[in-house]
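Sequence lines set the chain letters: A, B, ... in the order given, protein chains first and strands last, and positions in each chain run from 1.
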Amino acid sequence: MEGEDEDHEFLFNTSADQSFNKHERVIIHIDIDCFYAQVEMILNPSLRGKPLGIKQKNIVVTCNYEARALGVEKLMTIKSALEKCPSLILANGEDLKKYREMSEKIYQVLQSYSLFVEKLGFDENFIDVTHKVVKCPEVPQVITGHTFQDSDGICACGCTERLAQGSFIAQKMRDRLRDELGITSCAGIAFNKLLAKLIGTTHKPNQQTTLLSTSSLSLIKSLKHPRNIPGIGSAINRKLEALGIDTIEKLQSAEIFKLTEALGAKIANQIQQLSFGIDNSHVKITDRPKSIGAEDGFTPIRSEVEVQKKLTCLLDRVLELVEKDGRKPSQLKLTVRKLHPSSHSVRESRQTTIEYATETGSSTHQGPGGEKQKVKLMTTLKNLFEKIIDCDVSWQVTLLGISFSGFPSSNSASPVKNSINKYFHLKASSSRSEEPQPPAKRGRFDESVLQELPPDIRQEVLQDMQNQLPSSDAQKPTDFNCPKGIDPLVFYELPMEIREELLAEERMKKQTIKRKPNNLLQYFRKAS
DNA sequence: TAGACTCAG
DNA sequence: GATTCTGAGTCTA
C-alpha cells in the first residue's frame, strides 16, 4: 500500500518533491562578495584596501567592505555616499562587460563540479551536488565551515552526512574561485535552494554555513518579516500587508483562501510553502540567454533627434552583444519610459518581428551588424517609438531600451561541441544542413530530457556524464577550465573564442583516448 | 503573441 | 519606496 503510494507519487511528482521528503538533495548556493567591487579591484589592485564604490548614473550600486565600514550603503546617491565617506573612490560600473565576463568564468569553474548550475544574476549560483555526494561516501563526515543548528535533534534520514559532504565540496569550489580567479565568496549548504541561499548570508564575507534540516524552521522564522523571503517582492508584500500579514508566523497560519483571493492560487501556495522553508524547485541549468538587450536612463529628452542619438548608441552596444552571442534574433523590442506631466513615469514597450541578417560569410562585413543592417533596424525602432509616443503632442522620455529575442532554440541553433551535449541533442532532429554555425558559448543542454528519465537511468547518466568531466579534485584545479600545459592566468586572458577552441581540442583528445561503447546512447535514440 | 507586471541581483 | 541595468518568468487579452 505504502509502496504503491510512493510509486504513484513517483509518476506525478518531480524528483525535487521526492527528494524533499527525505532532505535528499544537497544544494550549494555561492554568492560572490561585493561582486562588482571585487572585479574592479582585480583589474586595478591599487584600489585594494581603500573604500570603493561602483556607480551607475548618480547612484552607488554597490561598494566594497571598506566603504561599508565607513557608512556607504548599496543604492545610495553619490551625493550622500560622498557626504558619508569623502575618501570614497568611485568606479564607473555602467558598462557591464567586465562583470559579465567574470561571471562566466565563475560559472565555468562551478560547472566542473556539477552540471546542475543555475545562475542568479551575475554573482550568485545554485549548484545541485546531490549526485556527487551519494557517490563519494568516503569524504569526511565533518561539516566544513559554520553550522547552523539550534536544536539537539538530528534527522535520521542521513541528510547530516550528505550536507557535510556538500560543505566539503563547497569549500573546494570556493578555494578554486579564490586560487584561479582571485575571487572570494560565501556559500550556503542546505537541502533546498531557498534555505541554501538564506543560510549563506549568515556568515559574511568569505565564509560558508551549512544548515541542518532540523533547524530550517528556526532559520526561516529568524527572517522576521515575509518581505525578507526571496520570492516575496514589493508587490506581493503590499498585498500581504493589506491582509495584516507582517510576520512569518502570520503568513504560515494565514487561511489559504484569503491568500488565494489576494494573490491567486499559485503565488498563495508558493509563498505559504516558502514561509515553512519548503522549496521544491530544482536547480535549473542556466541556458544561453533568451533575450539580449540594453537600456539607458537619463534626464528627460523631448526631441526625436535626441531619441535617435540615444537609440544609435544603444543599438551599437546591443548589436555587439548579439554578434558575440552568434545566434540570430527574430524579435526586436523597444522600451520607453515616459514622464507624465504629473511627474510619475510609466514604462511602455512595443515589439516586432525582424529579419536579422547575419554577417557570417558576407563579403561586405562592416563591423558588428553591418551598416545596412543598422539603418534598417533604426527604421524599425523609429516605427516602434512612434507607436508609443505621439510626436504631435509634447512628450518627455527618461529611458530607452532595446532588446533582441526570439533566438532559435538551443537544440537546433548551437553546434554540439562537447560530449555532454551530444547525449541531449540526440533528442532533437539531427537532419539539419551543414550551414555555418555560431560559436557555442558554453556546454549547455536540454535538461528536460534528463528530467524525463526514470530515476535509475538518470542517476546512471549523471554518473556517466560526470565521469566524462575532468575530476573536480582540488589537487588538479585547472583540469577542466584550462588545458594542460597552459598557465591558467594566461589562459583566462585569451579571448573567449580562442579559449573555446583550446578546450574543444582538449576534449577531443580525451575522448579519443578513453571513448568506450555506451549502451545509454541506445536509450536516447529510442526516445527520440 | 504582445505587452504589462513582478521578481531577482 | 524608488533610484541602476539586465534578464527571467507569469498573466491577461
Side-chain angles (χ1 to χ4, degrees), chain A residues 29-37 39 53-63 73-81 90-100 103 106 118-126 186 193-194 197-198 200-201 227-241 263-268 270-271 274 281 284-299 314 317-318 321-322 325 330-339 343-353 384 387-388 398-407:
Chain A
H29 176 257
I30 301 266
D31 186 349
I32 309 301
D33 303 322
C34 52
F35 179 59
Y36 286 12
V39 173
I54 311 302
K55 69 167 183 146
Q56 281 172 347
K57 295 288 166 344
N58 65 330
I59 283 180
V60 177
V61 288
T62 187
C63 57
E73 290 167 19
K74 286 180 184 176
L75 302 182
M76 229 178 198
T77 62
I78 289 182
K79 188 166 173 275
S80 48
L90 289 166
N92 191 317
E94 283 167 30
D95 183 355
L96 304 179
K97 197 173 166 187
K98 49 200 164 182
Y99 312 129
R100 192 176 284 123
S103 179
I106 291 167
E118 177 180 343
K119 264 175 83 132
L120 188 58
F122 279 164
D123 66 334
E124 293 186 27
N125 286 279
F126 291 102
C186 285
K193 283 166 65 181
L194 169 72
K197 180 172 164 60
L198 291 173
T201 66
R227 180 68 177 87
N228 297 325
I229 297 177
I232 298 183
S234 57
I236 293 175
N237 186 50
R238 253 196 312 276
K239 292 174 184 169
L240 289 179
E241 299 250 316
L263 302 156
K266 194 174 172 180
I267 303 273
Q270 194 176 305
I271 64 169
L274 292 176
S281 66
K284 189 179 175 300
I285 296 167
T286 298
D287 205 347
R288 299 173 73 186
K290 293 178 172 59
S291 66
I292 296 175
E295 61 181 41
D296 189 15
F298 33 74
T299 51
L314 274 175
R317 271 169 57 194
V318 185
L321 293 173
V322 171
D325 179 90
S330 65
Q331 296 285 320
L332 174 60
K333 181 168 81 172
L334 174 71
T335 301
V336 173
R337 187 170 63 196
K338 293 194 272 192
L339 186 60
S343 89
H344 82 285
S345 45
V346 185
R347 288 174 81 111
E348 271 187 52
S349 60
R350 296 288 184 275
Q351 81 177 64
T352 187
T353 302
L384 290 173
K387 281 189 183 176
I388 300 173
T398 61
L399 177 140
L400 289 165
I402 296 174
S403 175
F404 287 97
S405 59
F407 296 106

In B/S/- notation (B base, S sugar-phosphate only, - none; protein heavy atoms under 4.0 Å), nucleotides 6-13 of chain C written 5' to 3' is BSSSSS--
Sorted by chain and number, sequence neighbours left out, salt bridge (charged side-chain N to carboxylate O under 4.0 Å, His left out) with A:E241 holds for none
A:I271 side chain near A:I229 side chain, heavy-atom distance below 4.5 Å: no
By nearest-nucleotide position on DNA chain C, the 5'-leaning member of A:R238 and A:K57 is A:R238
What is the nucleic acid contact for A:Q331, judged by heavy atoms within less than 4.0 Å: base, sugar-phosphate only, or nothing? sugar-phosphate
Give A:S234 one of three labels, base, sugar-phosphate or nothing, depending on what nucleic acid heavy atoms sit under 4.0 Å from its own.
sugar-phosphate
Separation of C:dC5 atom P from A:D123 atom CG, nearest Å, is 18 Å
Determine the contact category for A:G231: base if any of its heavy atoms lies under 4.0 Å from a base atom, sugar-phosphate if only primed atoms, P, OP1 or OP2 are that close, otherwise nothing.
sugar-phosphate
Applying salt bridge (charged side-chain N to carboxylate O under 4.0 Å, His left out) to A:K79 and not counting sequence neighbours gives A:E83
Taken to the nearest whole Å, NZ/A:K74 to P/C:dA2 is 18 Å
- Message: Within the supplied structure, the quantity of interest is the number of heavy atoms (other residues, nucleotides, ligands) at a distance under 6.0 Å from A:K98 NZ; does it exceed 12?
- Response: yes
- Message: Salt bridge or not between A:E295 and A:R347? Use side-chain N to carboxylate O under 4.0 Å.
- Response: yes
Sorted by chain and residue number, the salt bridge (charged side-chain N to carboxylate O under 4.0 Å, His left out) partners of A:K55 (sequence neighbours excluded) come out as none
Whole-Å distance, A:Y36 OH to C:dC5 C1', equals 7 Å
A:Q56 CD to C:dT4 P, in whole Å, measures 9 Å
Ring pair (Phe, Tyr, Trp, His ring centres under 6.0 Å) filter on A:Y99, not counting sequence neighbours, yields A:Y36
Open item on the list: Suppose you measure atom P in C:dA2 against the same atom in B:dC5; what distance do you get, rounded to whole Å?
Closed with: 13 Å
**Item:** A:T353-A:Q331 side chain donor-acceptor pair, cut-off 3.5 Å
**Value:** yes
A:M76 atom CE is separated from C:dG1 atom P, nearest whole Å, by 17 Å
Which of A:K284, A:K197, A:K193 passes salt bridge (Lys or Arg N to Asp or Glu O under 4.0 Å) with A:E118? It is A:K193
Min and max contacting nt of DNA chain B in 5' to 3' order, chain A heavy atoms within under 4.0 angstrom, are B:dA2 to B:dG9
Distance check, C1' atoms only: B:dT6 and C:dG1, in whole angstrom units. 16 Å
